[in-house]
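A short worksheet on the structure shown next.
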2 protein chains.
Amino acid sequence: MPKPLPDLRGPADPSTPQLAIHAARFAALGDPTRLGILVRLSDGAPRSIARLTEATDLTRQAVTKHLAVLAEAGIVRASRRGRETLFELEPAPLAAARQYLDAIAAQWEAALGRLKSFIEDPPH
Amino acid sequence: MPKPLPDLRGPADPSTPQLAIHAARFAALGDPTRLGILVRLSDGAPRSIARLTEATDLTRQAVTKHLAVLAEAGIVRASRRGRETLFELEPAPLAAARQYLDAIAAQWEAALGRLKSFIEDPPH
DNA sequence: CCTTCATGCAACCTTATGGATGCGCTTTTA
DNA sequence: TAAAAGCGCATCCATAAGGTTGCATGAAGG
């Protein structure tokens, strides 16, 4: 059974708040620098800002802003250790994004299935 | 076996072009209006611009722009029928986005697994 | 044919976004 | 303790993004 997935096909759509949350998450992923940072953090090891900056051709401040965006979306978590701020990947929000795409795909496939059965065995 | 996933942990990173493509895809998903459009199209039925505009409180032009962004990312496909332009969902790019998130998650879990085995059975 | 529907194109506006600099504060470390 | 490493904050800049309005154009219908 495909996941519910807020039904936006009707005229009234009160379930838009969830949609905004998911959109914000995708927006956070929608930048090559940020996506690169995530990939680098995907080995589970926390890294400092300076460390993450080394891998780019940007300023530390630019990277800091990107990390702030990721943190705002909950995709990354910061912790202070001494004079440095360590960032590590937070898997839950990524899983949520994945499941959202899964839901859309499931909806699509379910629709295909209904179309197929309709063609093979039309009503009336 | 976790998917390769461009290794950005080294200093030199020539595999960034792929990253840009994925980032562009996520960026296209990173807007509530566009995400809403996708959900509405996820039942497989093509819809006209006017039809999709009805579900929003925006102008037709605004919706047209959003559809252009989605089309640019390949997430949606347009076709002309008479005087109206029909848009329908394209599942392949969405699947690619899903798989990218899967790859990151797999990387993460593999790292956790290595950490676990290290703790349970430390070398030396 | 004349009107209406569904779009496309272009100009314009406002705000968000990505990035850089300069400066000051705290923690290490030589 | 003085220098260096790592950051945070504030400011400033240029461009992209989201939206609107106005006008022109092709297709449908009566």
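Every heavy atom of this structure was used, including side-chain atoms; hydrogens, water molecules and symmetry mates were not. Per chain, numbering begins at 1; letters A, B, ... match sequence-line order.
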Separation of A/R80 atom CZ from D/dA5 atom C1', in whole Å?
12 Å

Between B/I49 (CD1) and C/dC9 (P), how many Å, whole number?
10 Å

Got a second to check how far B/L89's CG is from A/I104's CD1, nearest 0.5 Å?
7.0 Å

Please report, rounded to the nearest Å, how far the P atom of D/dG18 is from the CG atom of B/L29.
13 Å

Rounded to whole angstroms, how far apart are CZ on A/R60 and C1' on D/dA5?
10 Å

Report yes if at least one side-chain N or O of A/T85 is closer than 4.0 Å to OP1 or OP2 of D/dG8; otherwise report no.
yes

Is A/I75 linked to A/L86 within one hydrophobic cluster, defined over Ile, Leu, Val, Met, Phe, Trp and Tyr using a side-chain heavy-atom separation of less than 4.5 Å?
no

Does any N or O donor sit under 3.5 Å from an N or O acceptor when you compare the side chain of B/R83 with the base of C/dC5?
yes

One should read off an interatomic distance between B/D31 CG and B/H66 NE2, to the nearest 0.5 angstrom, of 4.5 Å

Should A/V69 and A/L52 be regarded as members of a common hydrophobic cluster, given that ILVMFWY residues are connected when their side-chain heavy atoms come within less than 4.5 Å of each other, either directly or indirectly?
no

Can you give me the N/O atom pairs linking the protein to nucleotides 17-19 of chain C at distances under 3.5 Å, or say none if there are none?
residue: C/dG18; atom: OP1; partner: A/R34; partner atom: NH2; Å: 3.4
residue: C/dG18; atom: OP2; partner: A/R34; partner atom: NH1; Å: 3.4
residue: C/dG19; atom: OP2; partner: A/H66; partner atom: NE2; Å: 2.4
residue: C/dG19; atom: N7; partner: A/K65; partner atom: NZ; Å: 2.9
residue: C/dG19; atom: O6; partner: A/K65; partner atom: NZ; Å: 2.5

When rounded to the nearest 0.5 angstrom, what distance separates CD in B/Q61 from OG1 in B/T53?
9.0 Å

Short side-chain to backbone donor-acceptor contact, A/R60 and A/E54, under 3.5 Å:
no

Rounded off to whole Å, could you give me the CD-to-P distance for the A/E84 and C/dT27 pair?
13 Å

Distance in angstrom units between B/L67 CG and D/dG19 P, rounded:
12 Å

Rounded to whole Å, CD of A/Q61 lies from P of D/dG6 at a distance of 14 Å

Quickly work out the B/R51 CZ to C/dC5 C1' distance and round it to whole Å.
15 Å

